[in-house]
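The chains referred to below are lettered A, B, ... by the order of the sequence lines, with proteins before strands, and numbering in each begins at 1.
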Protein chains: 2
Amino acid sequence: MTDAMNAGAVAFPTKRGRGEKSSPTIYDIAKLAGVNPSTVSRALSKPGRVSAKTQKIIEDAAEQLNYQVNPFARALPTGRTQTIGLIVADITNPTFFDIIRGAETTGSARDYTLVLAESAESPETELIAARRMLGTVDGLILASPRMDDEKIRALASDKPVAVINREIEGVPCVVPDVNKGISQAVRSLAANGHQQLAYVAGPPQSWMSSRRWEGVQTACDWYKVGAVRLESSKPTVDGGRQVARDVLASGATAVITYNDLLAIGLMQELQAAGMQVPDQISIVGFDDIFGADFTTPALTTIRSPLGECGSRAAALLLDMLLGHDGPAGPVRVDTELVVRGSSGRLIA
Amino acid sequence: MTDAMNAGAVAFPTKRGRGEKSSPTIYDIAKLAGVNPSTVSRALSKPGRVSAKTQKIIEDAAEQLNYQVNPFARALPTGRTQTIGLIVADITNPTFFDIIRGAETTGSARDYTLVLAESAESPETELIAARRMLGTVDGLILASPRMDDEKIRALASDKPVAVINREIEGVPCVVPDVNKGISQAVRSLAANGHQQLAYVAGPPQSWMSSRRWEGVQTACDWYKVGAVRLESSKPTVDGGRQVARDVLASGATAVITYNDLLAIGLMQELQAAGMQVPDQISIVGFDDIFGADFTTPALTTIRSPLGECGSRAAALLLDMLLGHDGPAGPVRVDTELVVRGSSGRLIA
DNA sequence: TTGTAGGCGTTATCAG
DNA sequence: CTGATAACGCCTACAA
């Protein structure tokens, strides 16, 4: 850690106190255009309520003065801020990167700014952050929320809220439909000669982990493949490494994990133990996070369109902001199997 | 894409129009506490200017009413919003993930909310986003900005601005000091028998890429290693793949790349061509992004503390917001070599 | 179509 | 130490 010398420090920008020259207001424009401030306000917010002529005059004046609305002044009477909030459980987790990206992209496409916060996996922190945000934003996206359904409903009754990766009755949700992807995966595995499969589960409280396990069971029933569930200590690369011995002990020749991180750790450990992937054991991850194709062999995984989730959730919110009702049931987005090198025919 | 049925749609939250019951204000508290609204304001903002007794009364009343300040109303007279803005060139780029995380973390630790925007690598978009944000936030962080020094200085003269990954005279900057890490890398490579090294450069406009190439040259001079510079088409995995033939043609037995993505792509391509890493060629990346250790062998890389950069930039900003001057020169953070499997002794 | 006036919730100034 | 009162910049009935 080098620290900077302290000579000739950068000066703090000139403060704009009460009486000083500040950014131009609608009053300045009004003066320049020779009209009343309220006319300026109308011209600049709803381009219909003013004559074409004065409209132009005002717009020119605004341009000339390089005018920008003061969002706070506008928010005060209207309550709208042109921002949407996003709370993620863990900024550290790559799964959320895509969600953030998706939300930011479709938000900014509609001229909304994204405000970000993290709950650090704590329901309490999450609630606090949510409450604080709710005051500042027009709508809120909760990605994999940890707090009670009840609390979420309460928030949703205040301002539009959209939830990702969890279904909550009465609240707009965007949820990947895992069945399709899982079904594809199990079919592919079965076709490659696998008859015994293990599912490495995620955190017990995870709504999604349960859904995925159910999906695996259903698909395995259908394709006549045996399925066992294994527990992981944590849904990380490390957790994946740790579960390797259980996988081996289970006798399964194919594994589907709760997420890609687990799959990557598992594969690393298995390979370190001398196993050939996929010749001796096939590994299928979940989500298709950034980096899933960095491994050797590249990871086969069930892609969960996280970016789309973020994007859809934002779109949902913006629609509600336009006054539309939210969707009746959860919005489901498809998952799909992405076959790469870590799964294949069993060479036995 | 499944879409939801539209029966029993989630209703839009009750709007809070003009006259309806809204959240409690300091007037409500004042009434309940039997004091003047201005006293409430004082008690709640600066806990010094009011008698201990009334202070308590007011706090209790606020508690009871579940009062929360209206950020907009507060921002109007003061101009402060308790938010900092962060503009990144590309949300897609994992390099920025850590920066975002760092900024959010230290920001929220000091009760500041992070507002995020992306410039999509366009100087124009960046400037627009910056301008828009500057109206809404207390300070702004520019990560790897693409616009002119001049424009940035202009922004910085308006509100506190901190820049990451670039040095701009007169503007607070946080920049990884690449020399230490590069020096460690070249020394390690030299010690392992490498005598000819290639540097795969990043985008021509990248300030950082030039710095890194300079660092490589200096270190190679010192350790008596030959150095050639190779160009990449783009700083991605794909770009890394494409540069593989040039690397081979260069005769170098060790490579340092502008970033990890290039290194990963290069390694994949080299391995596909039958080269043994690191026996026949050593590869060293730059940054240590998420996933750098997913590869086989895991990538040796010069870690650039991106998270710390984000964190330091945020801290800088917050300090300036407290009225402190910015640092005199650029704040330098250390880089360090992280030795993993992709570099090692040359087996010739 | 445009001007007038009042208010949004808070802070800041000035008396008392 | 506390109470009145005027901004802050914009929006929106209401009146002209």
From [atom1] of [X] over to [atom2] of [N], roughly how many Å is that when rounded to an integer?
X	N	atom1	atom2	answer
A:L65	D:dG9	CG	P	14 Å
B:L76	C:dG7	CG	P	17 Å
A:R74	C:dG9	CZ	P	18 Å
B:Y27	D:dG3	OH	C1'	12 Å
A:F72	D:dC10	CZ	C1'	13 Å
B:Q68	C:dT10	CD	C1'	15 Å
A:I26	C:dT4	CD1	P	14 Å
A:N70	D:dA7	CG	P	18 Å

Report the residues that fulfil side-chain contact (heavy atoms from CB on, under 4.5 Å) with [X], sequence neighbours left out, ordered by chain and then residue number.
X	result
A:T81	A:A75, A:T83, A:D138, B:F72
A:A120	A:E118
B:R166	B:P145, B:D149, B:I152, B:V163, B:I168, B:W207
A:S119	A:I87, A:A89, A:E126

*Sidechain N-carboxylate O distance under 4.0 Å for A:D158, A:R131*: no
For A:F97, the ring pair (Phe, Tyr, Trp, His ring centres under 6.0 Å) test, sequence neighbours excluded, returns B:F97
Across all chains, not counting sequence neighbours, the salt bridge (Lys or Arg N to Asp or Glu O under 4.0 Å) partners of A:D90 are none
Please table the atom pairs, donor to acceptor, closer than 3.5 Å between any side-chain atom in residues 57-69 of chain B and protein atoms at least two apart or in another chain.
unit_1	atom_1	unit_2	atom_2	d
B:E59	OE2	B:Q55	NE2	2.8
B:D60	OD1	B:K56	NZ	3.1
B:D60	OD2	B:K56	NZ	3.0

Which of D:dC10, C:dA12, C:dT10 is nearest the side chain of A:A73? It is D:dC10
Here the residues of residues 35-43 of chain B within 4.0 Å heavy-atom distance, strictly under, of DNA chain C are B:S38, B:S41, B:R42
Should A:T54 be listed as having a side-chain N or O under 4.0 Å from OP1 or OP2 of C:dT2? yes
*Compare side-chain N and O positions of B:S51 against OP1 and OP2 of D:dT2 and report whether any pair is under 4.0 Å apart.*
yes
With five pairs defining each end axis, the helix from C:dT1-D:dA16 to C:dG16-D:dC1 comes out bent, to 10°, by 40°
Distance col, row A:L322:CG vs A:D319:CG, nearest 0.5 angstrom, shows 6.5 Å
